[in-house]
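Shown next, in structure tokens, is the structure this report addresses.
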Protein chains: 2
Amino acid sequence: MSEATEQAAPKAKRPTRAHRREEILAAATRVFGSKGYHQGSLVDVAAQVGITHAGVLHHFGSKDKLLWEVLEYRDRVDVQHLEGKHIPGGMDLFRHLVTTAQLNADRRGIVQAYAVLTGESVTDGHPASSWVGHRFSVLRGEIAEAVREVARERDVTLPDGEAERAANAVIAVMDGLQLQWLLDPEAVDLAEATRFAIESILTATLGSTVRIAST
Amino acid sequence: MSEATEQAAPKAKRPTRAHRREEILAAATRVFGSKGYHQGSLVDVAAQVGITHAGVLHHFGSKDKLLWEVLEYRDRVDVQHLEGKHIPGGMDLFRHLVTTAQLNADRRGIVQAYAVLTGESVTDGHPASSWVGHRFSVLRGEIAEAVREVARERDVTLPDGEAERAANAVIAVMDGLQLQWLLDPEAVDLAEATRFAIESILTATLGSTVRIAST
DNA sequence: CCACACTTACTTACTGGTTAGTAAGTCCCA
DNA sequence: TGGGACTTACTAACCAGTAAGTAAGTGTGG
């Protein structure tokens with residue numbers, strides 16, 4: 001967790017370790033994104049930073065550990081555009097999801113890495129499967145809570161488990177649209193399609209029209 | 001194409017070639033499903049049929065060709081429960097999609113293979129990417145046409161491109177739900193969630209409640 | 001009806017390539 | 001002068017694909 005050394009140091013020049021690790025993480029994200037975890041090699045990652053694969057192992061110990069740090073790195077990047085630091089609730093959450101989709105349309109590499117690793121993670125004993133599983137369950141909880149919040153605001157009583165069903169559908173549609181967009185960017189407008197799909201699910205769940213402002 | 005010899009032969013015993021190929025295809029589906037294409041080896045596939053990897057190559061020539069036949073095999077299996085042979089249109093199509101989801105809940109292997117290969121296919125130069133891309137575009141066309149058909153039945157005029165947007169969302173939600181279900185079958189009722197999501201999207205698209213009978 | 005020609009379904013053995021990981025040494029900066 | 005950031009050199013494993021051989025059919029001509 002606490003990696004220390006975050007520009008708080010008085011001395012000017014000491015970017016080496018933390019900085020190099022960050023470079024490697026970015027490179028690994030690109031490599032795992034474009035080739036997958038199994039097919040993307042440490043040699044590929046190392047070459048992008050201009051070192052040998054043994055140099056990468058010096059910093060991360062093993063390929064599995066590197067993957068773990070890449071996933072955490074993605075999480076960090078993912079929320080860094082949120083100044084509030086905290087994930088919003090209620091309708092703000094859905095606006096946030098659409099905004100993220102919009103940003104993602106210009107971050108193909110990260111989207112690809114996420115899609116590839118998520119798909120790969122359903123294989124037996126994949127090192128990322130617990131991360132993806134955990135991620136899904138956290139997201140499910142947050143989105144379901146937001147659905148309940150909006151329902152409360154509108155005085156709608158939801159059947160049992162309905163919020164979770166809606167949350168699952170929202171997560172599913174976002175992942176699925178990313179896949180289609182990656183394979184054929186012309187066929188899908190990522191942000192627009194995401195907004196449309198989330199609105200549809202919320203509207204059907206809450207029984208009254210839900211709109212998400214197109215930023 | 002024409003593989004000839006389809007039980008029309010008078011002589012009783014000659015299942016060897018065609019039968020062996022089916023065995024290998026089934027094994028390859030399991031292997032690619034549980035390990036992915038790159039990580040699943042010909043040795044793995046061969047072992048499941050009780051031969052060597054060279055024996056597999058004798059039948060399929062190369063690993064890439066084997067993958068292609070696996071994908072076609074999946075298509076064949078996928079529609080074989082349709083007696084009409086033809087994919088239905090209108091509301092029947094959506095009923096068919098839900099029914100398929102229901103069947104899929106008992107065919108984890110095939111779902112896993114599809115999910116893994118679809119995810120892997122977004123990597124650079126993957127041999128399955130054109131298949132997946134083609135599959136998406138065909139599905140998109142068929143589902144969009146079904147949406148238009150239902151809209152016509154209900155005297156609803158759809159904005160331009162709305163049918164395609166709905167189709168994309170339907171495809172996305174199905175793929176996404178499969179992923180979640182594979183990673184945590186307890187958290188998602190595949191058929192139920194699929195029905196819910198498709199109903200939501202159709203309802204929002206057509207402006208009036210759409211129900212799909214739960215078979 | 002059977003022997004010879006040919007095909008099919010493999011196996012064994014190998015090649016050339018790639019992989020993650022290790023160990024030991026070198027260079028450079030503080 | 002000492003420690004971190006590497007490199008070089010290596011290993012052991014695994015991979016797809018090829019080549020050559022074998023054993024068991026299958027078809028056919030006499």
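The shown structure was predicted, so the numbers you read here are calculated from the model rather than taken from an experiment. By convention in this document, chain letters (A, B, ...) are assigned in the order of the sequence lines, proteins followed by strands, and residues within each chain are numbered from 1.
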Using modelled atom types and a 3.5 Å cut-off, is there a donor and acceptor pairing between side-chain atoms of [X] and backbone atoms of [Y]?
X: A:R108; Y: A:L182; result: yes
X: B:R165; Y: A:A197; result: no
X: B:Q112; Y: B:G33; result: yes
X: B:D189; Y: B:E192; result: yes

Nearest-angstrom distance from the residue atom [atom1] of [X] to [atom2] of [N]:
X: B:L57; N: C:dA13; atom1: CG; atom2: P; value: 18 Å
X: B:F60; N: D:dA16; atom1: CZ; atom2: P; value: 15 Å
X: A:K35; N: C:dA20; atom1: NZ; atom2: P; value: 11 Å
X: A:L66; N: C:dT19; atom1: CG; atom2: C1'; value: 15 Å
X: A:K65; N: C:dG21; atom1: NZ; atom2: C1'; value: 12 Å
X: B:L42; N: D:dA16; atom1: CG; atom2: P; value: 4 Å
X: A:K63; N: C:dT19; atom1: NZ; atom2: P; value: 9 Å
X: A:H38; N: D:dA16; atom1: NE2; atom2: P; value: 14 Å

Original post:
Is the number of heavy atoms from other residues, nucleotides or ligands within 6.0 Å of NZ (A:K63) greater than 12?
Top reply: yes
Original post:
If you look at every strand shown and take non-hydrogen atoms under 4.0 Å, does B:G61 touch a base, only sugar-phosphate, or nothing?
Top reply: nothing
Identify the pairs formed between an N or O of the protein and an N or O of nucleotides 5-7 of chain D at a distance under 3.5 Å, and give each distance.
unit_1 : atom_1 : unit_2 : atom_2 : d
D:dA5  : OP2    : A:R17  : NH1    : 3.0
D:dA5  : OP2    : A:H58  : NE2    : 3.4
D:dC6  : OP1    : A:R20  : NH1    : 2.8
D:dC6  : OP2    : A:H59  : NE2    : 3.0
D:dT7  : OP2    : A:T52  : N      : 2.9
D:dT7  : OP2    : A:T52  : OG1    : 2.8

Subject >> Stepwise side-chain hydrogen bond (donor to acceptor under 3.5 Å, both in side chains) test for B:R140 and A:Q180 >> reply: CA-CA 10 Å; B:R140 182 152 41 227; A:Q180 290 178 56; 3.1 Å; yes
